[in-house]
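What follows is one structure encoded as structure tokens, with my remarks underneath.
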Amino acid sequence: MLRKTFLWLHKWLGLITGLVVMIVSLTGCINVFADELKAYFYHERYYAEPVGNGKPLNFSELRDQAQKAVGPNIKLTRGEIYPAKGRTWVFRASLTDKKAIGHWNHHKYYYRIYVNPSNGKVVHVEDTRNEFFQLMLNLHMNLLLGDAVGTMVTGISALCFFVLLLSGLVLWFPRKWKTKAFKKGLVFKRDVGIKRLNYDLHNISGFYILIPAILICVTGLVFAFPWADQSVQFLANGGKTIEKRVIPLSTPNDTFHPQSTDSAIAHLLHLHPQADVLAVRFREKNTDPLDVQVRLAKNRTHLFEWYYFDRNNGKLLMKFGDQDVKGGEKFRTMNYDLHTGAYAGMPTKFFGFFVSLICATLPVSGFLIWYNKGKKNKKQKNKNSPPEKTSETKVR
């Protein structure tokens, strides 16, 4: 009876959410290598020949050039400084309406401005709302429906997929616990029919990717739902509620003082010449500090040093790094890299890619199992039903 309940749950949750799971998984495959693909396809905007001695101009000067490129009505929200020689610096301008439905309504505007740091020339202005990899990312996160509706749909589908993985494990276990029975669920058979091959692809591949698929699913839920984020952190903290790290306040000013900003950025570039990127966030409140996250390893976010400076005098207000975070906070800083497979670089990225690809096939193979079983039952029913009386039979 219990097995039948799990089978019913597995079948209907799979049929209801299968299309969403397939879309999210396929776009996840693309997003795993989005950074590498962008660097290849957008080489002309990612790299610019250094001019003169190659030293970068002041950060505030480059920011002003980026601001001129989009006009005074567009507000810059972030800057990305790449210490590597020949890399352009990127400034972002983004405004969203979290209650809006639809990708283009959610993003009021979104631009990336690529600037040659050695001469301040704007290399490219990208309308990121329509950029391919951004569309794939938003399709992955919210099906291009916006946060209000789309994130709820993908989040619920991820939750259902979590249940599907667990119920699938229950169904994977054979009724009779014998070596031969377990072998059927672990080894692909040769010279079998297409239906049996499809069943094995669903059953066996689903078993082998169970643990990494659960990890991807849980980290996805952390992005989708605050309750999932809080729950995971609570468990990682050993069942304790830990107070969040408090961001220090700056002395008030509606803008960031250019000289203080330039001094802080120059200091960090000198301190971290081998870093991948310095991500500068231009926070909105006039008491928000200058916020700079130094990502130490290429395309990985969990290895970092975070700095907060006073926006007026450039005084360092607080600093912490990945070595200083523990428990739930530690897991939260690792969440993105665990979700995308970037945690240990290219090997885990390839692993994450193949796990996501298999996840995308599970709804298809599951649907075929359900469809073929329905056809089989229908044929069996027609075979067992008594023949209809013909007019000739009636006369006799």
Side-chain angles (χ1 to χ4, degrees), residues 22-51 54 56 62 65-66 69-70 78-94 103 107 110-141 144 212 216 219-220 269 272-280 293-304 336-360:
M22 185 175 67
I23 292 172
V24 170
S25 298
L26 288 175
T27 52
C29 291
I30 296 172
N31 289 321
V32 165
F33 293 109
D35 291 324
E36 290 78 11
L37 291 170
K38 284 181 182 180
Y40 178 78
F41 287 107
Y42 301 152
H43 188 273
E44 72 285 349
R45 70 184 76 164
Y46 266 56
Y47 297 92
E49 193 67 28
V51 178
L62 297 173
Q65 292 300 319
V70 292
R78 184 168 173 168
E80 294 169 359
I81 302 166
Y82 293 89
K85 188 177 181 180
R87 272 302 305 265
T88 54
W89 290 10
V90 186
F91 292 86
R92 298 192 198 184
S94 176
H103 172 73
H107 287 284
Y110 192 1
Y111 295 99
R112 280 190 174 100
I113 307 97
Y114 298 79
V115 182
N116 186 337
S118 62
N119 62 4
K121 181 182 178 181
V122 174
V123 175
H124 185 79
V125 177
E126 172 190 282
D127 184 357
T128 310
R129 290 200 309 172
N130 301 312
E131 189 270 325
F132 174 77
F133 292 103
Q134 186 64 38
L135 289 172
M136 291 300 101
L137 177 61
N138 283 101
L139 186 61
H140 178 77
M141 295 192 302
L144 297 178
I216 291 173
T219 51
L269 281 171
H272 300 285
Q274 302 303 319
D276 179 38
V277 61
L278 281 65
V280 185
Q293 183 192 37
V294 181
R295 296 181 186 173
L296 303 173
K298 190 173 181 60
N299 298 332
R300 277 176 271 181
T301 62
H302 76 283
L303 302 174
F304 65 89
Y336 179 82
D337 289 342
L338 290 172
H339 186 70
T340 61
Y343 184 79
M346 292 304 290
T348 50
K349 278 198 169 193
F350 276 108
F351 182 68
F353 172 84
F354 286 115
V355 171
S356 295
L357 190 61
I358 293 172
C359 286

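Computed from a predicted structure; not experimentally measured. Note: hydrogens, waters and symmetry copies are ignored here, and every other heavy atom, side chains too, is used.
With a 6.0 Å radius and a threshold of 12 heavy atoms from other residues, nucleotides or ligands, Tyr42 has its OH atom above the threshold.
The shortest non-hydrogen separation linking Tyr47 to Ala39 is CE1-O, 4.3 Å. For the pair Glu36 and Val32, the tightest heavy-atom approach, listed with the atom from each and the gap, is OE1-O, 4.0 Å. The shortest heavy-atom contact between Thr128 and Glu126 is OG1-OE2, 2.9 Å. Closest heavy-atom contact between Thr219 and His339: OG1-ND1, 2.9 Å. The shortest non-hydrogen separation linking Ile23 to Thr27 is O-OG1, 2.8 Å. Considering all non-hydrogen atoms of both residues, Asn299 and Ala342 come closest at O-CB, 3.6 Å.
For Arg129 (side chain) and His107 (main-chain N/O), a donor-acceptor pair under 3.5 Å exists by modelled atom type. Between the side chain of Ser118 and the backbone N or O of Gly54 there is no donor-acceptor pair closer than 3.5 Å. Of the possible polar contacts, one joining the Trp89 side chain to the Tyr82 backbone as a donor-acceptor pair under 3.5 Å is found. Side-chain atoms of Thr88 do not come within 3.5 Å of backbone N or O of Asn116 as any donor-acceptor pair. No side-chain donor-acceptor contact under 3.5 Å links Arg295 to the backbone of Arg300.
Taking the ring axis of Phe91 as reference, the NZ or CZ atom of Arg112 does not stay both within 45° of it and closer than 6.0 Å to the ring centre.
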Could you walk me through whether Tyr110 and Arg92 satisfy the side chain to side chain donor-acceptor pair (under 3.5 Å) test, starting with their C-alpha distance in whole Å, then the side-chain angles of each, then the deciding distance to 0.1 Å, before giving a yes or no? CA-CA 7 Å; Tyr110 192 1; Arg92 298 192 198 184; 3.2 Å; yes
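The CE atom of Met346 lies 11.0 Å from the CZ atom of Phe353; values are rounded to the nearest 0.5 Å. Expressed to the nearest 0.5 Å, how far CZ of Phe351 lies from OG of Ser356 amounts to 10.0 Å. One finds the CZ atom of Phe133 at 15.0 Å from the NE2 atom of His140 (value rounded to the nearest 0.5 Å). Taken to the nearest 0.5 Å, the CG atom of Leu144 stands 5.0 Å off from the CG atom of Leu139. Expressed to the nearest 0.5 Å, how far CG of Asp337 lies from CG of Leu303 amounts to 7.5 Å. Of the inter-residue distances, the one linking Arg78 atom CZ with Gln293 atom CD reads 7.5 Å to the nearest 0.5 angstrom.
In this structure, His302 and Tyr343 have parallel ring planes: the angle between them is below the 30° cut-off, well short of the 60° mark.
Under the 4.5 Å side-chain criterion, counting only non-hydrogen atoms from C-beta, Glu131 is not in contact with Tyr111.
Of the listed residues (Val294, Leu278, Asp276), just one forms a side chain to side chain contact (heavy atoms under 4.5 Å, CB included) with Pro83, and that residue is Leu278.
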